[in-house]
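To start, the structure itself, in structure tokens.
For the numbers below, each heavy atom of this structure counts, side chains included, while hydrogens, waters and symmetry mates do not. Not measured: the values here are computed from a predicted model. Residue numbering restarts at 1 for every chain, and letters A, B, ... go by the order of the sequence lines.
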Protein chains: 2
Amino acid sequence: MKDKATSFDIAHMAGVSQSTVSRALSNSPLVNKETRERVQRIAREMNYKVDKNASNLRKQRSSTIALLLFEDPSPDDSLINPFFMSMLGSITRACASMNYDLLVSFQNMNGDWHAEYEDTNKADGLILLGYGDYLDYRDKLTQLQEQGTHFVRWGAHDAEYPGISIGCDNYQGGQLVTQHLIDQGAKTFAFIGTAGQRAPEFMARFQGHIDTLASAGLLPDTAVQYNAVSTEDAGFDATQKILDSGQRPDAIVCASDLIAVGAIKCLKKHGLGVPNDILVGGYDNIPISAFTTPTLTTVQQNTKKAGELLVSNLLRLINNEKVTDYLMPAELIVRQSSQK
Amino acid sequence: MKDKATSFDIAHMAGVSQSTVSRALSNSPLVNKETRERVQRIAREMNYKVDKNASNLRKQRSSTIALLLFEDPSPDDSLINPFFMSMLGSITRACASMNYDLLVSFQNMNGDWHAEYEDTNKADGLILLGYGDYLDYRDKLTQLQEQGTHFVRWGAHDAEYPGISIGCDNYQGGQLVTQHLIDQGAKTFAFIGTAGQRAPEFMARFQGHIDTLASAGLLPDTAVQYNAVSTEDAGFDATQKILDSGQRPDAIVCASDLIAVGAIKCLKKHGLGVPNDILVGGYDNIPISAFTTPTLTTVQQNTKKAGELLVSNLLRLINNEKVTDYLMPAELIVRQSSQK
DNA sequence: CTGAAAGCGCTTACAG
DNA sequence: CTGAAAGCGCTTACAG
């Protein structure tokens with residue numbers, strides 16, 4: 001491998017000093033227009049590129065962001081939550097448009113975080129992405145905060161947790177899908193999804209759900225809730241429990257699409273038709289939800305805007321500008337599973 | 001923001017020289033065990049982390065890999081090919097296990113590549129991921145090669161194209177699905193997917209398809225082929241053309257699952273049942289394929305192994321070790337769409 | 001507008 | 001085993 005050219009080589013070829021080369025290549029207005037263009041031309045011809053390690057070291061900023069993706073406990077290979085994949089795409093594009101590079105790192109929720117990108121000056125800040133257990137989460141967020149790390153996280157606004165959050169209104173999403181099912185004539189309900197302190201997103205969806213029921217005068221004897229993590233199997237099992245208990249709710253609200261997929265499968269197995277016998281609603285609008293039989297009514301979060309907001313707010317934070325939490329509205333996607 | 005500690009600060013606190021700190025933190029055997037442990041403890045207590053810009057600049061290597069993802073022409077937001085998302089997950093994990101960081105960048109296939117990660121010393125090498133038009137591709141690969149950039153690409157082995165490739169045997173995949181459909185009794189076939197020089201993956205699948213037909217004595221009058229890019233709409237339209245032409249093949253082989261989804265939709269619209277009237281096979285095993293009605297028989301590529309191979313071979317390349325192209329076997333996933 | 005010089009924070013020959 | 005010194009390739013005050 002041949003040695004790479006340095007700014008001194010370009011300076012030599014252009015007959016100017018190395019300082020002038022550096023200025024010319026950063027489009028400094030200090031440098032004469034002709035000189036600048038000549039230097040830039042020579043640099044292009046030599047395929048010279050500024051060394052980022054040297055440049056970052058000197059400038060003390062990296063123009064790089066690190067994305068920490070927290071996975072669900074399922075440690076097996078590929079199947080990452082499609083929702084986060086969509087976010088990843090959006091974040092990548094948003095970074096590119098701001099001339100930032102993006103480091104991606106999968107993290108183990110429970111183990112130690114590998115979050116030292118800013119400490120090592122490899123990144124100027126972090127984006128945290130993943131649903132999770134806030135009780136574990138919290139100490140680590142506090143630690144990041146104390147170290148002066150710049151970060152934003154996707155998720156629910158919560159005054160108790162440090163850092164800036166960008167999220168989608170899970171409470172409103174729970175309202176939307178529940179009101180829609182009420183409008184479709186449902187009077188008795190079941191909610192599937194762990195609704196507890198350790199699952200704030202699901203909790204908010206559940207809260208929106210029961211509050212809407214209450215407003216419609218359907219509480220409390222009609223509302224049952226069954227725990228489930230966001231997997232097809234958990235949705236299946238929870239539905240099995242509902243049926244075992246002898247209940248036949250008019251509608252089942254699921255805290256995620258994967259849960260809904262499992263629920264529908266279980267209902268089918270017991271000869272119950274969706275939507276004819278029972279209405280079902282999901283959450284996330286994952287690609288699969290448009291292909292299930294029946295297709296799934298669900299709540300969509302705007303991942304494109306979410307990615308842009310995460311990046312732009314992190315950059316504001318890095319530049320010491322004022323930043324506040326942001327809550328995006330949810331959107332109901334009506335499909336077959338909720339309409340007789 | 002408080003100033004970060006440097007190795008000099010640690011040296012001062014430990015009562016040793018800065019050189020010794022550096023050695024201790026890199027676990028150099030040159031340094032006395034007790035000194036090393038003391039230095040490491042102090043560094044931990046001070047939350048000191050080695051500055052990567054300085055370290056990389058000095059070492060002239062970054063322990064970082066850049067992943068360039070080439071997108072299909074569809075410039076709209078989110079929906080990235082799920083297959084590549086799965087690869088991304090696998091590559092990320094493989095990098096982490098080798099103590100490499102991963103930069104992710106989406107590229108526009110047709111525009112200029114933003115591929116200067118190695119030129120700027122931000123990365124030690126590149127992974128190229130994306131299906132695409134090899135005629136455009138080729139010049140850029142040649143350019144990378146000439147610049148001495150280290151890279152591996154996902155895709156078909158092709159002696160005409162520069163660089164190391166890791167791929168899955170598309171020819172064999174085409175054989176597998178076709179032979180399976182023949183075994184199910186199909187005698188007349190249609191293939192949907194652009195089979196040309198500009199789409200080498202689809203081309204190889206088609207070649208495996210027709211060669212298998214030939215071996216079974218079913219060529220040539222029974223084989224028709226219709227162009228389609230890898231989208232649901234293109235699959236729908238191509239199927240429409242088949243039906244318009246009056247043909248009713250026993251089986252349709254689709255070059256991708258998305259094409260197959262569109263094909264099934266079109267067949268349904270015309271009152272043709274799958275698998276009862278026509279058998280359908282896909283390619284990729286995207287998550288959706290397990291949820292369509294009927295579920296889709298398809299060909300799976302081992303993304304976990306693929307990601308590991310891409311990373312490990314790139315690292316070999318970076319270390320100037322010998323590297324050769326690698327072709328992984330394909331695997332048939334039999335579901336409902338191919339079995340009466 | 002330009003150049004000479006300092007210095008970002010490390011790693012690693014070199015000398016002991 | 002340890003330390004003093006050089007130097008990785010830049011950017012940016014400083015001086016002119």
Side-chain angles (χ1 to χ4, degrees), chain A residues 1-40 42-43 46-64 116-124, chain B residues 1-40 42-43 46-64 116-124:
Chain A
M1 212 169 344
K2 58 183 180 296
D3 282 339
K4 276 174 185 157
T6 72
S7 52
F8 283 94
D9 299 324
I10 305 300
H12 185 71
M13 298 186 68
V16 295
S17 75
Q18 183 267 341
S19 333
T20 299
V21 169
S22 179
R23 292 194 190 96
L25 293 178
S26 61
N27 282 313
S28 164
L30 282 175
V31 67
N32 178 295
K33 183 159 175 283
E34 286 166 26
T35 313
R36 179 177 35 184
E37 284 169 359
R38 181 158 44 89
V39 169
Q40 291 185 349
I42 291 172
M46 298 292 294
N47 196 41
Y48 167 77
K49 298 275 164 41
V50 172
D51 183 302
K52 288 283 185 189
N53 289 320
S55 162
N56 292 343
L57 173 59
R58 181 55 228 254
K59 289 199 287 191
Q60 295 291 59
R61 68 153 49 206
S62 65
S63 292
T64 302
E116 53 192 37
Y117 294 103
E118 185 167 350
D119 297 331
T120 62
N121 286 325
K122 275 203 93 157
D124 300 330
Chain B
M1 210 169 344
K2 59 184 181 294
D3 283 339
K4 276 174 184 157
T6 72
S7 52
F8 283 93
D9 298 325
I10 306 300
H12 185 72
M13 299 186 67
V16 295
S17 74
Q18 182 268 340
S19 334
T20 299
V21 170
S22 179
R23 290 194 190 96
L25 293 178
S26 60
N27 281 314
S28 164
L30 282 175
V31 67
N32 178 296
K33 183 158 174 284
E34 285 166 27
T35 313
R36 181 177 35 186
E37 284 168 358
R38 180 159 44 88
V39 169
Q40 291 184 349
I42 292 172
M46 299 290 294
N47 195 40
Y48 166 77
K49 298 276 162 42
V50 172
D51 183 301
K52 288 284 185 187
N53 289 318
S55 162
N56 292 343
L57 173 60
R58 180 56 229 253
K59 288 199 287 190
Q60 295 290 62
R61 69 154 48 207
S62 64
S63 294
T64 302
E116 53 193 38
Y117 293 103
E118 186 167 348
D119 298 331
T120 62
N121 287 323
K122 274 203 92 156
D124 300 330

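Here the side chain of B:Val31 is nearest to one of C:dT12, D:dC10, D:dT2, namely D:dT2. Relative to the side chain of B:Lys59, the nucleotides C:dT12, C:dG9, D:dT2 differ in distance, and C:dT12 lies closest. Among the nucleotides C:dG9, D:dC1, D:dT12, the one closest to the side chain of A:Ser19 is D:dT12. The nucleotide whose nearest atom lies closest to any side-chain atom of A:Val50 is, among C:dT2, D:dT2, D:dC10, D:dC10. When distances run from any side-chain atom of B:Arg23 to the nucleotides D:dA4, D:dG9, C:dG9, the shortest one goes to D:dA4. With D:dC10, D:dC1, C:dG9 as the candidates, the nucleotide lying closest to the side chain of B:Asn32 is D:dC1. Side-chain proximity of B:Ser22 to C:dC10, C:dC8, D:dG9: nearest is C:dC10.
Contact annotation: A:Gln60 side-chain N/O to C:dG9 OP1/OP2 distance is under 4.0 Å. Between A:Thr6 and D:dG9 there is no side-chain N or O to OP1 or OP2 distance below 4.0 Å. Within the structure, every side-chain polar atom (N or O) of B:Thr20 is placed at least 4.0 Å from both OP1 and OP2 of D:dT2.
Atom-to-atom, CG of B:Asp9 to C1' of C:dC8 comes out at 14 Å; the value is rounded to the nearest Å. The nearest whole Å value for the distance from the OH atom in A:Tyr48 to the C1' atom in D:dG9 is 7 Å. The nearest whole Å value for the distance from the NE2 atom in A:His12 to the P atom in C:dT2 is 19 Å. Remark: P of C:dC8 and CG of B:Asn121 are 21 Å apart, rounded to the nearest angstrom. Rounded to an integer number of Å, the gap from CG of B:Leu30 to P of C:dA13 is 11 Å. Residue A:Asn53 contributes atom CG, which lies 20 Å from atom P of D:dG7 at whole-angstrom precision. Taking atom CZ of residue B:Phe8 and atom P of nucleotide D:dA5, one finds them 11 Å apart after rounding to whole Å. Distance, B:Lys33 NZ to D:dT2 C1': 19 Å, rounded to whole Å.
Across all strands shown, B:Ser55 has heavy atoms under 4.0 Å from sugar-phosphate atoms exclusively, and none from any base. Within the nucleic acid shown, B:Thr35 comes within 4.0 Å of sugar-phosphate atoms alone, with no base atom in reach, counting heavy atoms only. At a threshold of 4.0 angstrom between heavy atoms, the contacts of A:Ser7 are confined to the sugar-phosphate backbone, with no base atom among them.
The line from CG of A:Asn27 to CD of A:Gln40 is 5.0 Å long, rounded to the nearest 0.5 Å. Atom CG of A:Leu30 sits about 11.5 Å away from atom OG of A:Ser19, to the nearest 0.5 Å. Taking CG from A:Asn32 and CD from A:Glu37, the interatomic distance works out to 9.0 Å, rounded to the nearest 0.5 Å. The CG atom of B:Asp119 sits 6.0 Å away from atom NZ of A:Lys4, with the distance rounded to the nearest 0.5 Å.
Remark: the B:Ser17 side chain and the B:Thr20 side chain contain an N/O donor-acceptor pair separated by less than 3.5 Å.
In secondary-structure terms, DNA chain D builds stems of at least 3 consecutive Watson-Crick or G-U pairs, each pair having both distances under 3.5 Å, at C:1-3 with D:14-16, C:5-12 with D:5-12, C:14-16 with D:1-3.
Place A:Asp51 and B:Ser17 on DNA chain D by their nearest nucleotides, and B:Ser17 ends up nearer the 5' end.
For B:Ser7, the side-chain hydrogen bond (donor to acceptor under 3.5 Å, both in side chains) test picks out B:Gln18, with sequence neighbours left out.
Separation of the C1' atoms belonging to C:dG16 and C:dT12 is 16 Å when rounded to the nearest angstrom.
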What do the steps show when you test B:Ser62 against B:Asn56 for side chain to side chain donor-acceptor pair (under 3.5 Å), and what is the final call?
CA-CA 5 Å; B:Ser62 64; B:Asn56 292 343; 5.4 Å; no
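The existence of a salt bridge linking A:Glu34 and A:Arg38 is excluded, since no basic side-chain nitrogen approaches an acidic carboxylate oxygen closer than 4.0 Å.
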